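Here is the structure we will look at.
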Amino acid sequence: MESRIVASLDLTDKEKLLALSETIGKQVFAIKINWPTILSAGKSIIGELSSYSKVICDFKLADIPNTIKLIAKQIADQDPYAIICHPFVGSDSLKELVSTGIRTIGVVAMSNDGASEHLNKHWKELLSDVKGAGAYGIIAAGNNYTLLKEISSQKEHLKVFSPGVGAQGGSAAESIKNGSDYIIVGRAIYDSADPVSEIKKINSEIQ
Ligand code: XMP
């Protein structure tokens, strides 16, 4: 059975990142990297990690269509599996990213407390725009089960990726029960003394 874990390896030590990716790559659905890793290791890390797993680039892009296109072009040769963007900038930017052919995941609800001040209040409009743009998936927080359930019930074809599990308090089992297709787990895996056991534990918790 395919794993439903996306390992968020927010590491800045390249050797450690490559070693951990080689160890766990086949046991997770994908590896997600974020700016700390890109800024320390450079964009070629996307291609290097692709030999171990699918790679999701958590860039949270929020810009005009032309800049989004320029960024996507910079990583197209690195074989990224998907890229995360912020749909709040508008459907023109979102559609531009989708048109590059890289699977696009739009942030609809975030996991940090402050997200309830603005972003999460607009999840319905954001979800509707992501659907309309022909994107691949959405980000919906895995530590806010009520909201996750509501969002998931309206997801249609979109894959639901949920951060906020582990270090931010969410439970893998509850997140899946409330509609996540995949859970995103960072520190609980890469800070663990035994990441392989941690992944096995999460996989069995999900089942
Ligand atoms: P931890 O260590 O908290 O790492 O498991 C989570 C990873 O996911 C990112 N993150 C988010 N990304 N929407 C996103 O698109 C969110 O609501 C969200 N919350 C956390 C975080 O930057 C880290 O890479």
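Read the numbers this way: they start at 1 and go in the same order the structure lists the ligands and their atoms. Computed from a predicted structure; not experimentally measured.
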What short N/O contacts, under 3.5 Å, does ligand 1 make with the protein, listed by atom pair and distance?
from     : atom 1 : to     : atom 2 : distance (Å)
ligand 1 : 2 (O)  : Arg187 : N      : 2.8
ligand 1 : 2 (O)  : Arg187 : NE     : 2.7
ligand 1 : 3 (O)  : Gln168 : NE2    : 2.9
ligand 1 : 3 (O)  : Arg187 : NH2    : 2.8
ligand 1 : 5 (O)  : Gly186 : N      : 2.8
ligand 1 : 8 (O)  : Lys32  : NZ     : 3.2
ligand 1 : 12 (N) : Lys60  : NZ     : 2.9
ligand 1 : 15 (O) : Lys60  : NZ     : 3.4
ligand 1 : 17 (O) : Ser111 : N      : 2.8
ligand 1 : 17 (O) : Ser111 : OG     : 3.4
ligand 1 : 19 (N) : Ser111 : OG     : 2.6
ligand 1 : 22 (O) : Asn34  : ND2    : 3.0
ligand 1 : 24 (O) : Ser8   : OG     : 3.2
ligand 1 : 24 (O) : Asp10  : OD1    : 3.3
ligand 1 : 24 (O) : Asp10  : OD2    : 2.7
ligand 1 : 24 (O) : Lys32  : NZ     : 2.8
ligand 1 : 24 (O) : Asn34  : ND2    : 3.2

Go through the side-chain N and O atoms of Asp194 and Ser192 and say whether any donor and acceptor fall under 3.5 Å apart.
no
Looking at residues at least two apart in the chain, or sitting in another chain, which of them share a side-chain hydrogen bond (donor to acceptor under 3.5 Å, both in side chains) with Glu174?
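Lys177.
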Can you tell me how far the NZ atom of Lys14 sits from the CG atom of Leu49, to the nearest 0.5 Å?
9.0 Å
Sequence neighbours excluded, which residues qualify as side chain to side chain contact (heavy atoms under 4.5 Å, CB included) partners of Ala7?
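Per chain and number, Ala7 pairs via side chain to side chain contact (heavy atoms under 4.5 Å, CB included) with Leu9, Ile24, Val28, Ile189.
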Under the side chain to side chain contact (heavy atoms under 4.5 Å, CB included) test, which residues partner Asp13, sequence neighbours left out?
Glu15, Lys16
My understanding is that only one of Ile71, Ile84, Leu97 makes a side chain to side chain contact (heavy atoms under 4.5 Å, CB included) with Phe59; could you say which?
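Result for side chain to side chain contact (heavy atoms under 4.5 Å, CB included) with Phe59: Ile71.
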